[in-house]
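Read the structure below first, then the notes.
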Amino acid sequence: MADPHRALLWVPHKTWQVFGLSMAAGAIAGLGQSPFDFTILMFVGLAAAFFLSAQANSVRQSTLIGLGVGTGYFMVVLHWIVEPFLEDVARHG
């Protein structure tokens with residue numbers, strides 16, 4: 001008999017699915033920060049990250065989830081630091 005709690009939710013099992021979903025959860029959580037200010041998305045992203053970490057089967061998978069959440073979060077949050085360096089040097093320099 002299947003677990004009734006897992007019947008309603010899709011739980012990723014492959015490594016690339018887990019890493020991709022954890023990066024997406026981190027990116028969604030990053031949208032709650034300063035330039036975007038979608039506070040509710042921060043809670044949604046963190047809830048998804050906690051759900052993924054609760055479904056981890058091993059320490060390796062849990063580490064991969066943490067790495068994915070952190071990578072997705074910082075890719076969104078720290079983009080404003082990189083953006084000023086992408087100016088057209090020939091025109092503005």
Side-chain angles (χ1 to χ4, degrees):
M1 185 170 171
D3 186 14
H5 298 289
R6 290 186 182 246
L8 299 176
L9 302 170
W10 176 72
V11 179
H13 295 288
K14 297 184 180 185
T15 303
W16 63 271
Q17 290 175 341
V18 170
F19 189 71
L21 283 176
S22 63
M23 278 187 67
I28 290 170
L31 291 174
Q33 297 300 321
S34 182
F36 305 108
D37 289 329
F38 297 123
T39 307
I40 191 71
L41 289 180
M42 181 183 63
F43 294 116
V44 170
L46 289 177
F50 288 137
F51 171 76
L52 285 172
S53 64
Q55 301 299 321
N57 297 327
S58 64
V59 174
R60 180 178 182 261
Q61 192 174 23
S62 179
T63 304
L64 188 69
I65 291 169
L67 180 69
V69 170
T71 302
Y73 180 80
F74 284 113
M75 283 175 61
V76 171
V77 171
L78 297 181
H79 82 280
W80 61 272
I81 291 176
V82 176
E83 189 176 348
F85 294 108
L86 300 177
E87 293 296 323
D88 185 18
V89 177
R91 191 168 70 179
H92 299 290

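Start at 1 with the first residue, then count along the sequence.
- The CZ atom of Phe51 sits 15.0 Å away from the CG atom of Leu46 when rounded to the nearest 0.5 Å.
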Next on the checklist: Using ring pair (Phe, Tyr, Trp, His ring centres under 6.0 Å), reason through His79 and Phe74 one step at a time and then give a plain yes or no.
Outcome noted: CA-CA 8 Å; His79 82 280; Phe74 284 113; over 10 Å; no
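- Note that CG of Leu64 and OG1 of Thr71 are 9.5 Å apart. Values are rounded to the nearest 0.5 Å.
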Checklist entry - Can you check side chain to side chain contact (heavy atoms under 4.5 Å, CB included) on Phe38 and Gln33, steps first, answer last? => result CA-CA 7 Å; Phe38 297 123; Gln33 297 300 321; over 6 Å; no
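- Rounding to the nearest 0.5 Å gives a distance of 13.5 Å between CE of Met42 and CD1 of Ile28.
- Between Val69 and Ala49, the closest heavy-atom pair is CG2-CB, 3.7 Å.
- The side-chain contact (heavy atoms from CB on, under 4.5 Å) test with Phe36 singles out one residue from Val77, Val76, Leu41, and that residue is Val76.
- Contact of the Leu52 side chain with the Val18 side chain is not registered, since no non-hydrogen atoms from C-beta on lie closer than 4.5 Å.
- Looking at Ser62, its side chain never comes within 3.5 Å of a backbone N or O of Ser58 through a donor-acceptor pair.
- Met23 and Leu67 fall within a single hydrophobic cluster, where Ile, Leu, Val, Met, Phe, Trp and Tyr are joined by side-chain heavy atoms under 4.5 Å apart, directly or via other members.
- Clustering ILVMFWY residues whenever any of their side-chain heavy atoms sit less than 4.5 angstrom apart, transitively, puts Met75 in the very cluster that holds Phe19.
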